[in-house]
Amino acid sequence: MDKYDHQSIEHAWQERWEAEGLYRSRVDWNRPKHYALTMLPYPSGDLHMGHWYAMTPSDARARVMRMKGYNVLFPMGFDAFGLPAENAAVQRNIHPAKWTYENIDRMRSQLRSMGAMFDWEREAVSCDPDYYRWTEWLFKRMFEHDIAYRGEAMVNWSPTLQTVLANEQVIDGKDERTGQPVVQKLMEQWFFAITRYAEELLRFDDIDWPEPIKTMQTNWIGRSEGAEVTFRTEAGDEIVVFTTRPDTLWGATFMVLAPEHPLVDSLTSEEKSAAVSAYREQAARQTELERMEESREKTGVFTGGYAVNPVNGARVPVWIADYVLLSYGTGAIMAVPAHDQRDFEFARQFGLDIVPVIHPTGEAPLVEPDMTESYVGPGVMVNSGPIDGVEATLAKGRANPSIAATIDWLEHNGAGTESINYRLRDWLISRQRYWGSPIPIVHRADGGIEAVPDDELPVVLPEDVAFSGRSPLTTFEPFLHTTDSAGQAATRETDTMDTFMCSSWYWFRYLSPHAADAPFDPEEAAYWLPVDVYTGGAEHAVMHLLYARFFVKAMRDMEVFADTIAAMRAHGRDPEGLFEEPFLMLRNQGQILGEERTGDHLVIDGERDGERVVASGVRVDPDAGPGDGLVVGELLRRTENLLLVDTGDDMVNVEVPETASVDIPDIAGVNDVNQLKHHLDVQRMSKSRGNVVNPDELVERFGADTVRTYLMFAFEWQKGGPWDSRGIIGARRFIEDVWKLGTVAYAPDAVDDEASVALRRRVHQTIAKVDEDMLDFKWNTAVAALMTLRNDLQEAQRTAVVAPAVWTEAVETLLKLLAPIAPHVTEELWRRRHDESVHVQPWPQADPDVAREEWVTMILQVNGKVRDRVDVPVSISEEEAISIALASERVQGFLDGGEARKVIARPPKIVNVVV
RNA sequence: GCCGGGAUGGCGAAAUUGGUAGACGCGACGGACUCAAAAUCCGUUGUCCGCAAGGACGUGGGGGUUCGAGUCCCCCUCCCGGUACCA
C-alpha cells in the first residue's frame, strides 16, 4: 500500500483530464442538458477563499448532475473591466490591459488547482474586443428600441473617482467601493429604461429563487399604488403630485416641491426670491451624506406662491424642502400633516395648518392642537365632502374603500387618475472611465447623435494612452475624432459602460465565445438555454441579478432570440417560456469570515465606581497575572468605550474615558480603545486586517480534495461563518482514510451474513442521503453521511466478516459518491480498479429494499419523558407496541401499581404512557 | 425605524418538519504504541448530583397549545444582512 501523496495525484489528474478533454461539453440532442453556472470572478489578482467556497460546491453539484446522465455545461470566465485596473494604471504605471490579463493568467491557474470541471474552451473575458464587440452590439439594439436613451439627470457624482455611480453603488451617501462621499450633479448621461420592466420584474412565478432575494428585489423596485392628482397654481401652472393616500386629499393643507423642481421659479414671489434661491443653493451643495447626517429636523422655505386643492378649492401655500426628492414620483407632494408623519413634523416646524380627515376607529375624534404625531391608523373619513363616512382601512390602493372612492371621484371629476409609482429608477450606465466597454455612438457636428454601424463594431479602446486621473478617452485625439454616416467630422462618445453591463449577458457568450457574427450561436443556445442553476453571493441580490433579469426580458422583446427559437423548433424543443428569465434556480452561499480570535489580555488601572471601573490606563499584556493591575483579564466585548473584561472569576465592566491612556505594543503609534480586540471578533477577510487565509497554501499543504471537502463539510453553505484552521485536519483524515480503504487488500477471515446485510443497508442508506443532500445544496450533511460510511467500512475492515463482494460494492460506492466532492483521490483509486474515469460512472442508485431497516429502537415514555428503549421489528402493530410498553419494568416502576390513564402509541417509533 | 434571516455542547454543526436533542467533525481528557515527540489506534466527552443503578436540568428569556415542543402560537432580548425623508 503506497502513501497518499496529494500533490502528485492532483497534478497528474488535472493534466490528464485536460489532455483527455474530460470536461469538454458538446451539444448532444440525444441527451438531456444541464447548464450550471457560477458567478464569474473579477480578476483582482488572487483567488481567495470566497471563490473556493462558492465554486467548489457548485462544481460538485454539476458533477453529480453529470453522473446522473445529464450533459452538463459548467463554464468559467472573467468580469474583466472595472476601476481597479485603472487605479493600478495610475498608481503603478502599468496598462490596465496588461494588469488585467496578468491577473487572469494567475487566477486561471489557481482555478485549475481546484480540480473543477470547467470547460475552458468556453472561457469568456469581458474586456476582450471579441467580447465587448457584442456588449456594444447589445447596447445598439437597446438604442434602436429606445431602451437606451440619453437624458439629463441629477446623478451621483464621485469627486474621488471622477465618475458617476449608479444608485445601487451608493450606500449611505458614500461610494460602496471607496467609502468616499458622493455629491449630486446634473449631467447628460446614458440610461437604460429598466423601469419599463418594473411590473414584469416583480413576478417570480416560474423561478426557484431564495425568498430573501425575491423580497429584496421587490423592495428595491418599490411599487406603490395610489393616484396622481393635479393641483393648479394661481399663475395657472399645473403641479402634479403622486400620493398613496388620495383619500386624505381633503386634509392637504400645503404643498412641498423638491428644491430643484422646474416650477419653483414661476411660483416664487419677489420678496421670497432671495430666501428660495439661498435654500436651493444650499440643497444643491449638500451631498447625500450631509443630508443624512443632519438632524431629522425638517428644513424648507415658503415660495410665496399658492395652489388650489382640486377637491375642495382650498388655497394652499407651496413650500420647497429637501425631504421631497425630485427623482421620486413627480418631485412634488401634497402635504397632509394630520396623516403623514413627515408632513406633520414640517407643519409643526413652520406653524402650518393641520386638518384631520380620519376619525380613528374606537377613539375620540382627532383634535388638532392636541396631536403629538400624525394618525396613520384605520377609521372613517370626515371633513371630506363626497367621501365622508367611507371606511379607511390599512389596505393599500383600491383595496382600501376610502382610496377606491377617492380615485373614482377624481377620475369622474377630471382631477386625477389612478397611478402606480416605482422606487426603481432607470439604470444609469454611463461611466466617465477608460477601462470599460465603449459606447458605440458618435456626436455629429449638428448636435445630433447616431450609432456606429454594426460592421464597424467594436469601437476599440485605444491602447497607447497615458493615465492620470481623468479618462484618457476624453483627450486622446485619434480616438475622439471620427466621421458620421454622412462623412462629416464627428466626435466619439467618451463615456464607457457600467461593468454590470458586461455581466448582464455573459452566460450567453459562454455558449460560443468565439462566435464572430452573433453574440452567441443559436444552435448552442437552442440546446443549452436557459441556465438551470446559478450560484453566487447574495451581495448581488439587487444589482447584478436584477440587471440580468432585465436584460433577458429586453433581449426577448428586441427579438435577439429569434434565431435561437427557430433552432429550437427545428430540433423539436418547445421554446415557450424559456426566454423570460435567465436563471431557473438560484442559490446563494454565505461568506467565509476571518478566523475567530481570543480577546486581548488587558491590564487596567483606575478606580472603582460602584459596579463599574473607570480606567485611567489600559495596557495589552499577554503575560500579566492577577495583581498586575486593578483589573486583569480577557476582553470579551466592547461597546463604544465600555469594556467587558473576564478576569477568570468575575465579569467586570470598565469605562475608558478619553483621558485614559491605551497601550497596545503590537500596534505602533498612539492607540485608542477601538483598536482593542475582543473575543469572537470575526470580520470579513481583508489584507488590512491581516486575517486572510490563502487557499493556495492550504492546497499545497493539504491538497485540493481536502480543502474542497472541508469547505463543504464545516459550514452551512447558505450561512458561511468564521474560518477555523484547526478543523481542516478532520477533512484530511477523512481523505486519508478513504485512500487506505481504497488501497487495502480486503480478505475476510470468515463471512457473517448479518454483517454483510448490515453494511449493504448502510451503503444504500448513504446513497439516498447523499443524493438528496447534494441536490439540495446541503453539502455538510452529505459529507457527514460519507464519513459515517467511512466509519462503518473501517469497522468492517477490523472485524473482517463481510463478504468480499459487499466490501467492494461499499468501497466503490463510497468512491463514486465522493467523486464530485474530492475528484482527484477518487479518480486515482477508481482508475486503479477500472479503466474508465470515475467521473463518467453512473451515479449510484439507492435500492429501498436494501436500505430498509428491519428493527428499530422504540422509545417508551411516561408522561412524555423517555424511560426505556426497546428494539422492535418495524412492522410492529399498535397493540403489540402498547403491550410491550406496559410490560416494561421501567414503565411499570413509574406506574407504581396503578393503571395508565392513557396510552399514545406511534409504532414503531414511540409509546407514551400517561399516568 | 421598516423588511428579511438567525440564536442548539468548549467550537463548526445535525435533528425524517410535532416523537430518542446534540448525528458527523474539531478540540479536550484517559489509554495503547514510542527512548521520546509527532502521526496513528482504542475509549470518554451537554451540565449537575451519585461509587453505581439511576435521577434532575438542558435548544437566547418569559408565557401558551399538546400525551409529547429545538420545531407551532403570543410577548421580550440580542446578533447578522438589506434599506432608509419613496409621498
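By convention in this document, chain letters (A, B, ...) are assigned in the order of the sequence lines, proteins followed by strands, and residues within each chain are numbered from 1.
Map A/G730 and A/T243 each onto its nearest nucleotide of RNA chain B; the residue landing nearer the 5' end is A/G730. Sequence order on RNA chain B of the closest nucleotides to A/K778 and A/V866 puts A/K778 first from the 5' end.
Separating the C1' atom of B/C76 from that of B/A21 is a span of 25 Å, rounded to the nearest Å. If you take atom C1' in B/U59 and the same atom in B/G70, they sit 5 Å apart, rounded to whole Å. Remark: the separation of the P atoms in B/C48 and B/U65 is 33 Å, to the nearest Å. Nucleotides B/C41 and B/C78 place their P atoms 47 Å apart, quoted to the nearest Å. Taking atom P in both B/C75 and B/C3, the straight-line distance is 13 Å, to the nearest Å.
For A/R867, counting side-chain heavy atoms from C-beta on, the closest listed nucleotide (B/U83, B/G55, B/C67) is B/G55.
In this structure, CD of A/Q794 is placed 7 Å from P of B/C41, rounded to the nearest angstrom. For the pair A/N863 CG and B/A69 P, the computed distance is 11 Å after rounding to whole Å. Remark: C1' of B/C67 and NZ of A/K909 are 16 Å apart, rounded to the nearest angstrom. Atoms CD (A/Q217) and P (B/G82) sit 15 Å apart, rounded to a whole Å. Nucleotide B/C80 holds its P atom 11 Å from the CG atom of A/L593, rounded to whole Å.
Applying the ring-ring contact (aromatic ring centres under 6.0 Å, His included) criterion to A/Y710, with sequence neighbours excluded, gives A/W723.
For B/G19, the OP1/OP2 oxygens have no side-chain nitrogen or oxygen of A/R869 closer than 4.0 Å. Regarding contacts with the backbone of B/C26, every side-chain N or O of A/R732 stays at 4.0 angstrom or more from both OP1 and OP2. Taking 4.0 angstrom as the limit, A/K865 places none of its side-chain polar atoms (N or O) nearer than this to OP1 or OP2 of B/G19. Taking 4.0 angstrom as the limit, A/N791 places a side-chain polar atom (N or O) nearer than this to OP1 or OP2 of B/G25.
At a cut-off of 3.5 angstrom, counting only N and O atoms as typed in the model, there is no donor on one side facing an acceptor on the other between the side-chain of A/R798 and the base of B/C41.
Of all nucleotides present, none satisfies the Watson-Crick or G-U wobble test against B/U34 with each distance under 3.5 Å. Summarising the base pairing, B/A69 is matched to no nucleotide, lacking a Watson-Crick or G-U wobble pair whose two defining distances lie under 3.5 Å. Pair assignment for B/U47: B/A56, on the basis of Watson-Crick or G-U wobble contacts that are both within less than 3.5 Å.
With A/K769 as reference, A/D773 is the one residue of A/T766, A/D771, A/D773 to meet the side chain to side chain donor-acceptor pair (under 3.5 Å) rule.
Side chains of A/T195 and A/D426: a donor-acceptor N/O pair is present below 3.5 angstrom, by distance only.
Stacking of A/R708 on the aromatic ring of A/W52 is not recorded, the 6.0 Å distance cut-off and the 45° axial limit not both being met. The cationic atom of A/K298 (NZ for Lys, CZ for Arg) does not lie both less than 6.0 Å from the six-membered ring centre of A/F350 and within 45° of the ring axis.
Here B/U20 is in the anti range [glycosidic angle more than 90° from 0]. Using a 90° window around 0 for the glycosidic torsion, B/G9 falls inside it and is classed as syn.
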